[in-house]
Amino acid sequence: MTIPRKLPEGPVNLVGLTRPALLEALIAAGTPEKQAKMRLNQVWQWLYHWGVRDFARMTNLSKDYRALLADNFIIELPEIVSKQVSSDGTRKYLVRIAGGHEVEVVYIPETDRGTLCISSQVGCTLTCSFCHTGTQKLVRNLTPGEIVGQIMLARDDLGEWPVPGAPKDETRLLSNVVLMGMGEPLYNFDNVRDAMKIAMDPEGISLSRRRITLSTSGVVPEIAKCAEEIGCLLAVSFHATTDEVRDKLVPINKRWNIETLLNTLRDYPRLSNSERITFEYVMLKEVNDTDADARRLVKLISGIPAKINLIPFNEWPGAPYQRSEPDRIRAFADVVYKAGYASPIRTPRGEDIMAACGQLKSATERARKSRKEIAQEAGL
């Protein structure tokens, strides 16, 4: 379901316009058609390569043209309300978007990469019973500008925009993006696609499609579209090996069950030209963590190029589950590994600032529900 939003009146925000939309907007504002393509490329580079927010700094444009841009457009990002830094270096941003709504964005530094976990919706419709974000009602979809804006504001905070005239530096603090924050990206497909097209454009932020991973709970009709129109890597919130258990953990399974989902996933690597699919599997004590579950899992995904990310459950106030014991997680991983699949156990990051997987929930909506209420909603 798409939640529409009324765009604010006044100057058009350039952030989030695709190349065709930006070209159209520049012509409508009075750019001569013969110059429009050149002006498009110039403005695009200032926005997304140099990270410039002030038209006056776009020095390869005439003063008159800069004035025309300033009269008709704005360059505006979501606002960082607060930033928390974990003891492990993880950064969590509370970000305010149009209408005063808030989402959370997380930056995770590692030795060989820096991953930004971004949100696609305010809240979520899916009510996955182990996920804190899922206890927050869906408010609306984010626009392309609000999605790509999360990448831009993180680059601001990391000081990562190149400096004109300085030696070129290929090192990236923000090298990877995962659509694993608040919301189901495939329920906001068009806006997510447009934002990722902007992020992947080689004249701007220039992220490789292999550096972008979209995580879905299994919106089957949109998966092939994702392969064809975005082409990024895919991660699937799987979490169970029987429909009975997955119906409770990931309620969307009642609409598209495990068999239907897996039949669709078998085509994804071919359609997107990606190497493999990541299956995300949260480890819940005495729910989905037995050796029998592990054996069923490898049997189910047989024939799909895949790796399996095992995620120790990140607890939150009122959570109706507990994390599996470390020995149990290792035993599960061993079964998967011996079957020929990579089975890394994800190290929880940012737990001390509620930034770990499944813990995101905007501060204004963080009202505590009782464990009993949450369990009842989850049908437990």
Side-chain angles (χ1 to χ4, degrees), residues 15-16 47-49 51 77-86 88-97 102-122 124 133 142-162 169-185 188 191-201 204-216 230-235 237 278 280 309 311 314 346-351 353-362:
V15 177
L47 279 177
Y48 298 117
H49 177 72
L77 299 187
E79 172 196 358
I80 296 179
V81 178
S82 66
K83 179 178 80 172
Q84 294 174 274
V85 182
S86 167
D88 64 20
T90 299
R91 304 184 187 197
K92 183 172 78 169
Y93 308 97
L94 180 66
V95 173
R96 184 170 294 140
I97 57 174
E102 294 169 350
V103 295
E104 289 184 335
V105 185
V106 177
Y107 172 72
I108 305 160
E110 298 175 75
T111 53
D112 61 339
R113 71 182 70 186
T115 301
L116 189 72
C117 179
I118 64 176
S119 296
S120 56
Q121 296 179 312
V122 185
C124 190
T133 314
L142 299 190
T143 65
E146 289 163 347
I147 296 168
V148 77
Q150 294 171 60
I151 301 173
M152 296 170 76
L153 62 83
R155 295 194 81 190
D156 286 354
D157 187 55
L158 295 165
E160 195 169 29
W161 297 104
D169 185 359
E170 296 291 349
T171 307
R172 289 227 173 181
L173 295 172
L174 198 169
S175 61
N176 293 60
V177 166
V178 293
L179 285 141
M180 296 182 184
M182 297 168 65
E184 165 55 65
N188 187 17
N191 290 344
V192 166
R193 176 200 59 212
D194 289 352
M196 292 306 99
K197 290 287 189 186
I198 293 168
M200 292 186 286
D201 190 290
I205 296 168
S206 191
L207 279 172
S208 162
R209 63 183 182 82
R210 293 180 181 274
R211 294 279 187 173
I212 298 171
T213 302
L214 183 148
S215 177
T216 179
I230 304 176
C232 60
L233 302 183
L234 189 72
S237 294
T278 298
E280 296 164 320
N309 265 353
I311 306 168
N314 300 306
R346 185 182 294 174
T347 303
R349 300 290 299 271
E351 285 187 292
I353 57 170
M354 288 287 285
C357 184
Q359 290 184 326
L360 298 192
K361 191 173 184 186
S362 64

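Side chains are part of it too, since the values below use all heavy atoms of this structure and drop only hydrogens, waters and symmetry mates. The residues of the chain are indexed from 1 along the displayed sequence.
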Distance (rounded to the nearest 0.5 Å) between [X] [atom1] and [Y] [atom2]:
| X | Y | atom1 | atom2 | answer |
| --- | --- | --- | --- | --- |
| Ser208 | Leu233 | OG | CG | 8.0 Å |
| Glu79 | Arg96 | CD | CZ | 5.0 Å |
| Ile205 | Glu160 | CD1 | CD | 10.5 Å |
| Ile212 | Leu207 | CD1 | CG | 5.0 Å |
| Gln84 | Glu104 | CD | CD | 7.5 Å |
| Thr90 | Glu110 | OG1 | CD | 8.5 Å |

For this session: Report the residues that fulfil ring pair (Phe, Tyr, Trp, His ring centres under 6.0 Å) with Tyr48, sequence neighbours left out, ordered by chain and then residue number.
Result: Trp44

Seminar exercise, completed: In Gln121, Arg193, Met196, the residue satisfying side-chain contact (heavy atoms from CB on, under 4.5 Å) with Ile147 is Met196

Seminar exercise, completed: Which of Ile97, Asp156, Val95, Ile151 passes side-chain contact (heavy atoms from CB on, under 4.5 Å) with Leu77? Answer is Asp156

Donor-acceptor contact below 3.5 Å, side chain [X] vs main chain [Y]:
| X | Y | answer |
| --- | --- | --- |
| Ser119 | Gly181 | no |
| Gln150 | Ile118 | no |
| Glu280 | Ala235 | no |

For residues [X] and [Y], determine if any side-chain heavy atom of one lies less than 4.5 Å from a side-chain heavy atom of the other.
| X | Y | value |
| --- | --- | --- |
| Ser215 | Val178 | no |
| Ser86 | Lys92 | no |
| Leu142 | Ser120 | no |
| Thr278 | Thr213 | no |

Seminar exercise, completed: Closest non-hydrogen contact found for Leu173 with Tyr107 is O-OH, 2.6 Å

Seminar exercise, completed: Between Leu179 and Pro185 the two heavy atoms that sit nearest each other are O-CG, 3.7 Å

For this session: Just jot down the side-chain hydrogen bond (donor to acceptor under 3.5 Å, both in side chains) partners of Thr171, sequence neighbours excluded, or say none.
Result: Asp169

For this session: Applying side-chain contact (heavy atoms from CB on, under 4.5 Å), name anything that partners Ser82, two or more places apart in sequence or on another chain.
Result: Leu94

Problem set entry | For Asp194, side-chain contact (heavy atoms from CB on, under 4.5 Å) partners two or more places apart | Thr18, Pro144

For this session: With sequence neighbours left out, write down each residue that passes salt bridge (charged side-chain N to carboxylate O under 4.0 Å, His left out) with Asp157, or none if nothing qualifies.
Result: Lys83, Arg91

Exercise. In chain order, what residues pass the salt bridge (charged side-chain N to carboxylate O under 4.0 Å, His left out) check against Arg211, with sequence neighbours excluded?
Worked result: none

Exercise. Looking only at side chains, do Thr216 and Glu184 share a donor and an acceptor under 3.5 Å apart?
Worked result: yes

